Amino acid sequence: MSNTPQIEAFPSVDAWAEATAARLGETLAAAVRDNGSAFFAGPGGSTPAPVYRHLAAMDLDWAKIAVTLVDERYVPETSSDSNARLIRDVLLQDKAAAGRFIPLFTPEVTVDRAAIVAAKALAEAGGRFDAVLLGMGEDGHICSMFPESPTLKTLLTPTLKPTVLGVPHGRDGMAPSIERLSINLPYLMQAERVILGLKGETKRRVFEEQAKGDPKIQPIAALIAADVSLEVLWTEEG
Ligand SMILES: O=C(O)[C@H](O)[C@@H](O)[C@H](O)[C@H](O)COP(=O)(O)O
């Protein structure tokens, strides 16, 4: 029986960011110690920057750590929408400047071709994440697993191989507003540690509601049904 993970509450954004970064860093350090290298995947959006600042300052063996994204807008790094830009500007600084970044975006003919290129690049980098940080939208999406998206069911299918898929922009004003690239649920299922970082009361409520949802179409329910080793760290400060 899958159980909803307990939400761990922190009194401030900084306490929340520090605790999240410490756990991610602990897992990355253990992977470097035990396997000689480590692989981290994180989100874009407005939530993770404080976590990335704390992580960048951690004294890890960053030259042995690969860094990628759990999803990406299908835009070049020159775009302010680029998640790769966030990773380069905030995470791959300070001590983490030596980390090796593996972007998901490449200027291919179509987003689906770019997804094939990204899937190959992640597989060549080891194909399994040691530590993953996830954000969540107020619609319950994680990665680029959006409600009503035609790719959602495939992204949430637990029996497929870990891969990257192209996500079309939403029709009739539905999210996402631009094409995306996203890892699928199996990538999260095989990760050593997955932390969902949430800020604000709305997202806490959405998480609790979505946890009771249909794992075929609701990502949080899919994570829980797939027994992903999920830790949920939350702070009320928005
Ligand atoms: O490309 C993105 O936008 C992110 O990778 C996405 O998966 C994010 O985690 C959620 O959309 C939450 O976004 P916020 O943190 O901005 O609420």
Side-chain angles (χ1 to χ4, degrees), residues 7 10 13-14 16-17 20-21 24 40-55 67-92 101-105 111 114-115 118 122 129 131-149 151-152 155-156 164-170 173-185 187-188 191 194-207 209-210 218-223 228 230-238:
I7 294 177
F10 292 84
V13 170
D14 196 53
W16 163 84
T20 304
L24 295 169
F40 170 75
S46 61
T47 299
V51 176
Y52 289 159
R53 285 190 198 94
H54 279 284
L55 196 51
V67 173
T68 192
L69 286 157
V70 296
D71 71 336
E72 177 62 285
R73 295 80 180 274
Y74 189 49
V75 294
E77 289 185 23
T78 49
S79 164
S80 58
D81 283 332
S82 166
N83 289 341
R85 187 167 168 170
L86 173 72
I87 293 289
R88 288 197 199 276
D89 291 352
V90 183
L91 177 51
L92 295 177
F101 181 47
I102 301 167
L104 298 186
F105 173 84
V111 69
L122 295 190
F129 302 140
V132 179
L133 175 63
L134 296 176
M136 187 191 76
E138 292 191 352
D139 59 1
H141 84 262
I142 56 171
C143 307
S144 283
M145 303 167 173
F146 286 92
E148 316 295 327
S149 168
T151 56
L152 182 65
L155 283 167
L156 294 183
V164 178
L165 292 181
V167 178
H169 66 75
M174 292 292 289
S177 56
I178 47 179
E179 289 178 315
R180 300 264 190 124
L181 296 155
S182 180
I183 64 168
N184 65 344
L185 175 67
Y187 253 123
L188 302 177
V194 180
I195 295 180
L196 173 63
L198 300 175
K199 288 197 299 184
E201 188 51 43
T202 300
K203 287 191 178 184
R204 179 187 179 119
R205 181 173 38 75
V206 168
F207 173 83
E209 285 165 6
Q210 297 272 322
Q218 283 171 314
I220 298 299
L223 285 177
V228 167
L230 184 66
E231 296 163 71
V232 183
L233 280 65
W234 170 79
T235 182
E236 186 158 7
E237 271 191 23

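Predicted, not measured: the structure shown is a model, and the values here were computed from it. Just so you know, ligand 1 is whichever comes first in the structure, and atom 1 is the first atom listed for that ligand.
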- Using 4.0 Å as the upper bound for N to carboxylate O, is an ion pair formed by Arg205 and Glu209? yes
- Candidates Leu69, Leu134, Val70 - the one meeting side chain to side chain contact (heavy atoms under 4.5 Å, CB included) with Pro43: Val70
- Task: Provide, to 0.1 Å, the distance between atom 13 (O) of ligand 1 and the closest protein heavy atom, together with that atom's residue and name.
- Result: Gly45 CA, 4.2 Å
- Taking all non-hydrogen atoms of both residues into account, name the closest pair between Arg180 and Cys143 and its distance. NH1-O, 4.4 Å
- Message: Assess, by modelled atom type and distance only, whether the side chains of Asp71 and Ser182 contain a donor and an acceptor separated by less than 3.5 Å.
- Response: no
- Task: Would you mind finding which of Met145, Met136, Arg180 brings a heavy atom closest to atom 2 (C) of ligand 1?
- Result: Arg180
- Note on the structure: Here the atoms of ligand 1 under 4.0 Å from any heavy atom belonging to Pro43 are 5 (O), 9 (O)
- Query: Can you tell me if Lys199 has a non-hydrogen atom under 4.0 Å from ligand 1?
  - Reply: no
- Message: I need the minimum non-hydrogen distance between Ala84 and Glu72, along with the two atoms involved.
- Response: N-OE2, 2.8 Å
- Message: Using a 4.0 Å cut-off to any heavy atom of Lys203, which atoms of ligand 1 qualify?
- Response: 14 (P), 15 (O), 17 (O)
- Output the list of atoms in ligand 1 that are nearer than 4.0 Å to some heavy atom of Gly135, sorted by atom number. 9 (O)
- Item | Asp71, portion touching ligand 1 at heavy-atom distance under 4.0 Å | side chain
- Message: When you measure from the heavy atoms of Glu138 to every atom of ligand 1, does any distance fall below 4.0 Å?
- Response: no
- Message: For Phe40 and Tyr52, take the angle between the two ring planes, folded into 0 to 90°, and tell me which bin it lands in: parallel under 30, tilted 30 to 60, perpendicular over 60.
- Response: perpendicular
- Note on the structure: Counting heavy atoms under 4.0 Å, the part of Asn83 that contacts ligand 1 is side chain
- Identify, by atom number and element, the atoms of ligand 1 in contact range of Thr47, meaning under 4.0 Å from any of its heavy atoms. 14 (P), 15 (O), 17 (O)
- Item | CD (Glu148) with more than 12 external heavy atoms under 6.0 Å | no
- Query: Looking only at protein heavy atoms, which one is nearest to atom 8 (C) of ligand 1, and how far off is it?
  - Reply: Gly44 O, 4.1 Å
- Message: Once you restrict to heavy atoms under 4.0 Å, what part of His141 touches ligand 1? Side chain, backbone, both or neither.
- Response: side chain
- Query: When you measure from the side chain of Lys203 to the backbone N and O of Met136, does any donor-acceptor pair fall under 3.5 Å?
  - Reply: yes
- Note on the structure: Which of Val67, Leu86, Leu133 passes side chain to side chain contact (heavy atoms under 4.5 Å, CB included) with Leu91? It is Val67
- Find all atoms of ligand 1 within a distance of less than 4.0 Å from any non-hydrogen atom belonging to Cys143, and give their numbers and elements. 6 (C), 7 (O)
- Query: Short list, please: which atoms of ligand 1 are under 4.0 Å from a heavy atom of Arg73?
  - Reply: 1 (O), 2 (C), 3 (O)
